[in-house]
Amino acid sequence: MSEFPPVPGLDMRVEGHDSPSTDASLDAALLDAVSEAFSAALIVYDRHDHLIFASRSARQFMPLPSTFFTPGTRLRDILGAAYDAGLSHAVSGQSGSAPLSREEWLTCQIAAHWKERSELQSSDDGKRWTRFSKRRLSSGFGFCVMSDITEQKRREEQWRADIERVQLTEEILDNLAHPVFVQDRNLQLVAVNKVFCSAVSVGAENALGGSIANFFEPEVATRLSAASRHVLETGVTSSLTVPLQLDGGPPNPILVHFQRVGTPGRYLVVASLGEMAGTAGSVPHPGEPANSPADGDRDHGVIDGRLTGRKALLVTGDREFEARALEILQLLGLDSCCVRDDQELDAFLSVARSVAVVVDLAIVDVDLDMRCLELLQAVDVDYITLQYSDISGDLAFSVLDRMTALRAAPVPADDWEITTEDTPSLPVREPPPEARLPEIRSRKVAAPPVAPPSRSPLSPSMVLVAEDNEINQIVFSQILEGLGYAYRICADGESAVRLWSELNPAIILMDVTLPGINGFEAARRIRQMPTEGAGQTPIIGVLTQAFDRDREACFACGMDEVILKPLSPDLIDQAIRRLVPDIARHASTA
């Protein structure tokens, strides 16, 4: 049997090979079988680059007329036809490079086929990927194997996406303001955030793989494990209060919230710790749901003084939902009232705006019409949605988690009340008669009505953040909300310049690696534009690496200070206080 089937019109004896074998057809069939077995296409050519063999699947990768794949065809003619058919990028993988002329491209491809080994991956449409593996034997014969690697590329992309999600989850956990730990089905710790590690004085590498018994008293660890096991088995979200010793201080009653996440067979329990000022609740039996803070502290008055004076609006038409939720909100120390449909909500919000009353949080029954959420979004009121079955387990934790990160509660002053009766202060667009309420009242513990402030040359509470990375945008928003600053985030340099002109922020946090115009150029443009009022806006450059040239570039374009990632609340707060002490006083007294 000869090494390859003969080429028509080619004298194999001149080439130094034996006469054509009678088994030439068997050679071709064998090569075709190998190609099919490996789900690939095979092209074989001799030392003069004449085609010897092309498998039947070759046209799937190079959709050319079948005449180009007959033995004896020059490799140069096949490649030239591919170029003429617009397949040059798919064959060479040079979609991102400058286009070559036909002769230049053919020269490069012939040279690649004469290398001992050559391999490339290319995609003609961004969806299908092909690998071209080329080999040249010492005898002068060469071959090219073409294989579809689309599925492999898809798995690689999925793997990268999974890695990014894990990194995103870790960054979000580490930037939460309260301790969080995650347990697997064996109740071993698989994730902890930095706040938890700091609270129990342990490194993350020492915590992972262990159990909570390593960090808490045996009785407390037993209660936490029982609650975790119950949530893991039932999927019912639960909360309980236990005495925990955190940050080296004395034991204090802490609200611990448990929630199951994941899919069957891969469930995890996420436990979140939040401060409380009441007495520890009753111990949940392993077979019973854990008590909510309202159940465990019903007779102990307000359980978190930080919420006293804050205003919560309950939106539900269910009387049982209303009664149960108002009971928990009152226990938390919130000033709360209830509306029952979208018309009452619209009327309430209109009157609240007219007398400058700010609603800190709305709790919305999921069974109500979506228009209620649209009304809240239109006036920028923060809200959470709940169903009746989740009130006991989720309401207290969600309110504590959402509202304790806000700025300090205002000092109670004169009494106030809201009514939808006809008054001169109502807006021109009045609600329809059926939407008017006889009276909507709230407990009288809040600040008196004040007229909305007039626009000034400088927004004393506005922080403008220029950051294009979505993860860092989340980090900035969590930190600034926790510090009590009003803020606006944009994702490119052009928007940063425009929003500076429109909003007149008190300070700018400027990432230097922005799309479009970078942070250096954006700062330079801001400094070149005329300013009015008290003077120029301070700009803080945000760097990833502590290179001297980057620091110098920041100051050269007019920035006032530089901070480095990863960011922390203390770092940002200190920088803002140094440059804009007025905004710090505003944030702390607002």
Side-chain angles (χ1 to χ4, degrees), residues 2-18 20-21 24-36 38-95 97-124 128-149:
S2 63
E3 186 177 0
F4 296 108
V7 178
L10 182 66
D11 190 347
M12 300 295 288
R13 288 170 293 182
V14 175
E15 297 294 322
H17 291 277
D18 296 336
S21 170
S25 60
L26 179 60
D27 289 348
L30 179 60
L31 292 174
D32 253 328
V34 171
S35 299
E36 293 179 3
F38 287 97
S39 299
L42 178 63
I43 294 179
V44 183
Y45 35 91
D46 64 13
R47 68 183 64 180
H48 294 293
D49 287 345
H50 288 94
L51 188 66
I52 295 176
F53 169 80
S55 62
R56 290 190 296 268
S57 57
R59 294 184 62 193
Q60 297 178 6
F61 297 91
M62 300 178 65
L64 301 174
S66 58
T67 54
F68 285 97
F69 296 101
T70 57
T73 304
R74 293 194 312 166
L75 180 62
R76 185 181 184 86
D77 294 336
I78 298 175
L79 294 173
Y83 185 93
D84 296 337
L87 302 176
S88 59
H89 295 328
V91 174
S92 62
Q94 296 178 338
S95 58
S97 60
L100 301 176
S101 67
R102 189 177 191 274
E103 288 303 317
E104 289 174 337
W105 185 83
L106 287 175
T107 300
C108 292
Q109 291 307 303
I110 294 297
H113 281 78
W114 270 97
K115 291 180 180 179
E116 182 179 354
R117 292 176 178 270
S118 175
E119 185 170 301
L120 65 88
Q121 301 175 2
S122 66
S123 174
D124 54 347
R128 178 183 174 182
W129 283 84
T130 303
R131 177 189 289 121
F132 294 87
S133 300
K134 304 165 189 176
R135 300 289 186 272
R136 182 69 71 163
L137 304 180
S138 58
S139 61
F141 286 92
F143 59 90
C144 176
V145 179
M146 297 174 284
S147 54
D148 190 329
I149 58 171

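Position 1 is the first residue of the sequence; numbering continues from there.
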Counting N and O atoms only, with roles assigned by atom type, does the side chain of Thr107 sit under 3.5 Å from a partner on the main chain of Glu103, one being a donor and the other an acceptor?
yes

Closest non-hydrogen atom pair, Ala41 against Ser35
C-OG, 4.5 Å

Which heavy atom in Thr130 sits nearest to a heavy atom in Arg128, and how many Å separate them?
OG1-NE, 4.2 Å

If I take atom OG from residue Ser66 and atom CZ from residue Arg56, how far apart are they, to the nearest 0.5 angstrom?
14.0 Å

Residues forming a side chain to side chain contact (heavy atoms under 4.5 Å, CB included) with Asp49, sequence neighbours excluded:
Tyr45, Leu75, Ile110, Trp114, Arg136

Do Arg59 and Phe68 meet the cation-pi criteria used here (NZ or CZ under 6.0 Å from the six-membered ring centre, within 45° of the axis)?
no

Distance-minimising heavy-atom pair for Lys134 and Ala112:
NZ-CB, 4.2 Å

Of all pairs that satisfy salt bridge (Lys or Arg N to Asp or Glu O under 4.0 Å), the ones with a partner from residues 107-123, not counting sequence neighbours
Glu119-Arg131

Would you call Arg135 and Val145 a side-chain contact if the rule is heavy atoms closer than 4.5 Å?
no

Check Leu137 against Phe143 and note the closest heavy-atom contact, atom names and distance.
CD2-CE2, 4.1 Å

By side chain to side chain contact (heavy atoms under 4.5 Å, CB included), which residues pair with Asp84, not counting sequence neighbours?
Arg102

Any side-chain donor paired with an acceptor under 3.5 Å for Ser57 and Gln60?
no

Any side-chain to backbone donor/acceptor pair from Ser55 onto Leu42? Under 3.5 Å, distance only.
yes

Ser101 side, atom OG; Leu106 side, atom CG - distance, nearest 0.5 Å:
8.5 Å

Please round to the nearest 0.5 Å and tell me the distance separating atom CG of Leu51 and atom CG of Asp46.
9.0 Å

Might you point out which heavy atoms bring Thr73 and Asp77 nearest each other, and give the distance in Å?
CG2-CB, 4.3 Å

What's the spacing between Met62 CE and Ile78 CD1 if we round to 0.5 Å?
6.5 Å

Find the distance between OH (Tyr83) and CZ (Arg76) and round it off to the nearest 0.5 Å.
12.5 Å

When you compare the side chain of Phe132 with that of Ser122, does any pair of heavy atoms fall below 4.5 Å?
yes

Spatial distance of atom CZ (Phe69) from atom CG (Leu64) [nearest 0.5 Å]
4.5 Å

